[in-house]
Amino acid sequence: MSRNSLALVLALVVAPVLPACAVDGTQGDSAAHTEEDVSLKVGKFETFVGQDGQHYFHFLAANGEKVLASEGYATLEGAQEGIASVIFYGTSTTRYELRTTKSGESYFVLEASNGEVLGVSETYASKSNAERGIIIVARIVKGAATAAAHATAAKFQLFKGLDSAYYFHVRAGNGEIVLQSEGYSARGGAVNGENSVRTNGADTKNYSVLEAADGQFYFVLKARNGQIIARGETYSSKSNAERGIIIVARVLAGSVASAS
C-alpha cells in the first residue's frame, strides 16, 4: 500500500517486542479458546526480529495467547504489509485452510487470494477444535480491525480551492487524507457530498478500483446513482487498492459510529 495507509490499521493494534526466536506456531490447545474469554475481546499484533534476522509478527488474543504466527519477512515494512493482509483476509473463515501435522495434530493457515500463507495457528488435538479455532480467530481479527477503525475515525474537512470551487477531503485519525472529493460550484453541494460519503462510504460495494494512466491503481466511491463522490490515493497494485478500500470503509464506519 502506498504512503501511510498501513498506519490506518496498525496505529493501535501493533506493538513492537524485543528480538526473539522465530514463531513456530505449535502452542497446543488452550482453555482460553472460548467465546466467553477471547472472541469478543480485541487482540493485537506484535512485530519482532527473529534470531535469523528476519522480521516476524504474531497475533495475540486479549489474554495474551498467540493465535497466529507469520512467516519471515526481509524487512519490517514487509511484516507490516503482512499484518495489513491479515486484517484484510482474516475476518473471513473461508480464507483459512485446515491442515494436519505429521504427528496427526490439526492446525490451520490463513491464506491470501494468491495462496500466500499469511499466518499459521497453534496445533490442536482434534479437527473439530481446529475448526472452532478458525471461527474464534476470525472474530478476533474482525474485532482488532474494528477497534483500529474506530480509534482512527475519519474527519471531514471542507475548503475552497484556488479555482474557487468547493471541495472536501477525509482525514484518518493519523492525519492522512484518504479520500478527496470532486469540485463543487457551491458550498451546499460539497456539504451534500460529505453527507453522501458518510452514507455510502462504509460499504465496500460502493467502491470501484480503476487503473491510472501510469499503471498504478486507485479507487473511487460512488453514490447510489452511480455518481463519483470521492476518490482515494494511488497504489502500486490492484490488490493493494482493494485492501485500501477495506481500510477506508472501516475508517468511515468508525466515523459514523462515533458521531451517532
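The model shown is predicted, which means the values in this text are computed figures rather than measured ones.
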Would you compute the distance between atom CD of Gln51 and atom CZ of Phe48 and round it to the nearest 0.5 angstrom? 10.5 Å
Ignoring hydrogens, what is the shortest heavy-atom contact between Tyr107 and Tyr124? Give both atom names and the distance. CA-CD1, 4.4 Å
Under 4.5 Å between side-chain heavy atoms, counting indirect links through other Ile/Leu/Val/Met/Phe/Trp/Tyr residues: same cluster for Val220 and Tyr207 or not? no
Nearest 0.5 angstrom please: Lys127 NZ to Arg132 CZ, how far? 13.5 Å
With no hydrogens and no angle check, is any side-chain donor or acceptor of Ser196 less than 3.5 Å from a backbone partner on Asn192? no
Mind checking the OG1-CG spacing from Thr234 to Asn240? Nearest 0.5 Å is all I need. 11.0 Å
Within the 6.0 Å centroid threshold, strictly below: Phe217 and Tyr235: no
Could you check if a side-chain atom of Leu118 sits within less than 4.5 angstrom of a side-chain atom of Phe59, using non-hydrogen atoms only? no
Donor-acceptor pair, Thr101 side chain versus Glu105 backbone, under 3.5 Å? yes
Looking at every heavy atom in both Thr93 and Ala138, which two are closest together, and how far apart are they? CG2-CB, 3.8 Å
Carefully, step by step, assess Val109 and Arg99 under the rule side-chain contact (heavy atoms from CB on, under 4.5 Å). CA-CA 8 Å; Val109 297; Arg99 296 185 180 181; 3.6 Å; yes
Quick one, Glu242 and Val209 - any side-chain contact, counting heavy atoms below 4.5 Å? yes
Any idea how Phe57 and Phe45 line up, ring-wise: parallel (<30°), tilted (30 to 60°), or perpendicular (>60°)? perpendicular
One should read off an interatomic distance between Gln54 CD and Ser70 OG, to the nearest 0.5 angstrom, of 9.5 Å
State, yes or no, whether a side-chain contact exists between Val120 and Glu71 at a heavy-atom distance under 4.5 Å. yes
More than 12 heavy atoms of other groups within 6.0 Å of Arg187 CZ: no
Mind running side-chain contact (heavy atoms from CB on, under 4.5 Å) on Glu233 and Val178 for me, showing each step along the way? CA-CA 6 Å; Glu233 61 182 328; Val178 295; 5.5 Å; no
If you define the side chain from C-beta out and look only at heavy atoms, does anything of Val170 sit under 4.5 Å from Ile177? no
Where the side chain of Ser121 meets the backbone of Phe108, is there a donor-acceptor pair that is under 3.5 Å apart? yes
Does one hydrophobic cluster hold both Tyr218 and Ile228, with members joined at side-chain heavy-atom distances below 4.5 Å? yes
Drop me the distance from Ile135's CD1 to Ile140's CD1, to the nearest 0.5 angstrom. 12.0 Å
Smallest heavy-atom separation, Asn200 atom then Ala223 atom, equals ND2-CA, 4.0 Å
Check the orientation of Phe168 and Phe156. Use parallel for under 30°, tilted for 30 to 60°, and perpendicular for over 60°. tilted
For Ser181 and His169: C-alpha separation, side-chain torsions, deciding distance, then whether side-chain contact (heavy atoms from CB on, under 4.5 Å) applies. CA-CA 6 Å; Ser181 76; His169 52 220; over 6 Å; no
Run the numbers on Tyr73 and Thr47 for side-chain contact (heavy atoms from CB on, under 4.5 Å), then give the verdict. CA-CA 11 Å; Tyr73 294 85; Thr47 60; over 6 Å; no
For a 4.5 angstrom cut-off between non-hydrogen side-chain atoms, does Arg95 reach Glu111? no
Looking only at non-hydrogen atoms, find the nearest pair between His55 and Ala79 and report the distance. CB-CB, 4.2 Å
Report yes or no: do Tyr89 and Ser113 form a side-chain donor-acceptor pair below 3.5 Å? yes
Co-membership, hydrophobic cluster, residues Leu98 and Leu110, 4.5 Å side-chain: yes
Minimum heavy-atom separation for Ala130 to Ser106, with atom names? CB-CB, 3.9 Å
Pairwise distance CG(Leu252) to OG1(Thr204) - rounded to 0.5 angstrom: 12.0 Å
Side-chain contact test, heavy atoms from C-beta onward, threshold under 4.5 Å: evaluate it for Val197 versus Glu194 and give yes or no. no
Testing the basics here: between Tyr167 and Glu182, what is the closest heavy-atom pair and its distance to 0.1 Å? CD2-O, 3.5 Å
